[in-house]
**Student:** 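Here it is, the structure, as structure tokens.
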There are 2 protein chains.
Amino acid sequence: MEDYMQANLDAFLPLRDLVFKTLRQAILTGELKPGERLMEIHLANKLGVSRTPIREAIRQLELEGLVIMVPRKGAQVAHITEKNMSDVLEVRLALDELSVKLACERINDEQIERLRQAYLDFENAVKTQDARKIATADVCFHDIIFEACGNPRLSQMVNNLAEQMYRYRFEYIKDPHIHATLVMEHRSILDAIVERNIEKATQSIHDHIAHQERAIIAQLRVENRVE
Amino acid sequence: MEDYMQANLDAFLPLRDLVFKTLRQAILTGELKPGERLMEIHLANKLGVSRTPIREAIRQLELEGLVIMVPRKGAQVAHITEKNMSDVLEVRLALDELSVKLACERINDEQIERLRQAYLDFENAVKTQDARKIATADVCFHDIIFEACGNPRLSQMVNNLAEQMYRYRFEYIKDPHIHATLVMEHRSILDAIVERNIEKATQSIHDHIAHQERAIIAQLRVENRVE
DNA sequence: TATTTACACATTGTATACAATATACCGTAT
DNA sequence: ATACGGTATATTGTATACAATGTGTAAATA
């Protein structure tokens, strides 16, 4: 709460948004597990706010597909099934292909320079073997592509889809065997965009997502077996 | 409220969902105009509920992009700019292409039969010249394709995007000059899916959306000029 | 002993009360 | 006359109170 009051000075941020971010983070990192119930009073006490902001945050999580509502029973963390995840990936693939295609057409010199730098940062992050750093650098790289495609709506949608697989992608990134492949794929995407070669770019991003898809589905199978 | 209490007997539906649907309808039909403020007490009195369901409905409208929140000032109906609409259409085109592609691969005989029937219904609706009937028949036709593509997530996203242009699409449908074209385009999509011809299907849907895009953007220009 | 019913408790759904803040209008001073 | 400031009001943000409902447990009866 103290941080909140402090941030309040520059930009007012409703509690519901803070709660939303907090809960989303908890779900994506696995702190809140699939099937777990989100009980309002409990969360309100834990976060030191009333039920109202909690409820409003849950409404948003519901529309993002992170929780499901059972009438008169409240919210619970959405179960992620294999079908569910492949549905999401199917859409994500199409939107990622669109975004690199648009990036090829619309990227400007300054953005190309930043994309180059982001690629180098990613290379360095991989060298550290620190999964968290790698994940962050990966997000930065892709964010520049989204920015370059000049369609905020598209960016927002892809981001939302990507979020839903964060938890599993992290496991994927932790495996050092795929690091070299990841760098190569990024390199390929970078080159294609710089050359403004749409064919090559869509092919590269396709391979990139397809690799992740296989790993994520495999990871999902493991976790679902354990439970 | 009476309808609500009645429906309550079979399936409980929270007030927030009713309010959500009501407000969304009002925005999409233009009853609530872009820039108009959504004042909670006012809406609460008008709909005969308290502020709580109103607020929760507004949270959902916010995530659907139909309203924007101004801190400490509340919600207002989102302004739809030309850029905004072409951004949405850009994404919609990609997702519609994906959905017909998947439909070609996955549609079953029973769904083909219903799609045929939906096409005939659309033909008949056009003959009546009743814009409302045409719009409904159009939605039915496309809904079967979404169902056939077997990806509920995709359907939901396309539906959400399509919703945002309902208001303008309606003006488009009212023009009798384009009716023949509309029927032909539907025919082309139907044939392509029945033949499971992905190339033809994506091309057809592309043309279909592109036509709508031109009309919608033109309509948008007219309305924005008036204001 | 098993089953059914009733009651208590936990939890969501809804309404209202209270707090903080922005805006508009009016008065005063320069 | 205009500009600045203060106060009143309208509105959102947050908290709490009340209502409805589902669930679990215990007791009573077959």
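To find a chain, count down the sequence lines: A is the first, B the second, and so on, and within it residues start at 1.
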**Student:** Looking at A:E213 and A:R92, does any basic side-chain N land under 4.0 Å from a carboxylate oxygen?
**Tutor:** no

**Student:** When the distance from CG of B:N45 to P of D:dT11 is rounded to whole Å, what number comes out?
**Tutor:** 11 Å

**Student:** For A:R51, report the nucleic acid contact type (base, sugar-phosphate, nothing); a contact means any heavy atom under 4.0 Å.
**Tutor:**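 Base: the residue A:R51, judged by heavy atoms under 4.0 Å, touches a nucleobase.
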
**Student:** Show me the pairs that pass side-chain hydrogen bond (donor to acceptor under 3.5 Å, both in side chains) and involve residues 42-53 of chain A, at least two apart or across chains.
**Tutor:** A:E40-A:R51

**Student:** Measure from the side-chain heavy atoms of A:I41 and tell me the nearest of C:dT12, D:dT16, D:dT12.
**Tutor:**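 The answer is C:dT12.
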
**Student:** May I ask you to evaluate whether B:R16 reaches the phosphate of C:dG13, defined as a side-chain N or O under 4.0 Å from OP1 or OP2?
**Tutor:** yes

**Student:** What is the distance from CD of A:E40 to C1' of C:dG13, rounded to the nearest Å?
**Tutor:** 8 Å

**Student:** Just how far, in rounded Å, is P of C:dT14 from CD of A:E56?
**Tutor:** 14 Å

**Student:** C:dG13 P sits how many Å from B:L18 CG, rounded?
**Tutor:**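 Atom-to-atom, B:L18 to C:dG13, this comes out as 14 Å.
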
**Student:** Working to the nearest 0.5 angstrom, can you tell me the gap between B:L98 CG and B:L93 CG?
**Tutor:** 11.5 Å

**Student:** Does a side-chain N or O from B:R55 land closer than 4.0 Å to OP1 or OP2 of D:dG13, or not?
**Tutor:**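 B:R55 to D:dG13 OP1/OP2: side-chain N or O found under 4.0 Å.
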
**Student:** Side chains of A:E163 and A:N159: any donor to acceptor distance under 3.5 Å?
**Tutor:**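 No, no side-chain donor-acceptor contact under 3.5 Å.
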
**Student:** Residues from residues 59-70 of chain B sitting under 4.0 Å of DNA chain D, heavy atoms only?
**Tutor:** none

**Student:** Please report, rounded to the nearest Å, how far the C1' atom of C:dT14 is from the CD1 atom of B:I54.
**Tutor:**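 That distance rounds to 12 Å.
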
**Student:** Provide, to the nearest angstrom, the distance between the CG atom belonging to A:L15 and the P atom belonging to D:dT16.
**Tutor:**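 These atoms are roughly 12 Å apart.
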
**Student:** I'd like to know if B:E110 pairs up with B:R114 as an ion pair, taking the criterion as any Lys NZ or Arg NE/NH1/NH2 lying under 4.0 Å from an Asp or Glu carboxylate oxygen.
**Tutor:** yes

**Student:** Can you tell me how far P of D:dT23 sits from CE of A:M39, to the nearest Å?
**Tutor:**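 Those two atoms, CE and P, are 14 Å apart.
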
**Student:** Salt bridge between A:K174 and A:E171, side-chain N to carboxylate O under 4.0 Å?
**Tutor:**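 Looking at A:K174 and A:E171, the cut-off is met.
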
**Student:** State, without any angle test, whether A:D138 and A:H186 hold a side-chain donor-acceptor pair at a distance under 3.5 Å.
**Tutor:**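 On atom types as modelled, these side chains qualify, holding a pair under 3.5 Å.
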
**Student:** Provide, to the nearest angstrom, the distance between the CG atom belonging to B:D17 and the P atom belonging to C:dG13.
**Tutor:** 9 Å

**Student:** Considering every strand and a 4.0 Å limit on heavy-atom distances, what is the contact class for B:L38: base, sugar-phosphate, or nothing?
**Tutor:**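 Sugar-phosphate, no base atom in range.
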
**Student:** Whether B:T52 contacts C:dT14 is assessed here as follows: a side-chain N or O lying under 4.0 Å from the phosphate OP1 or OP2. Is that the case?
**Tutor:**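 No, B:T52 has no side-chain N/O under 4.0 Å of OP1/OP2 on C:dT14.
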
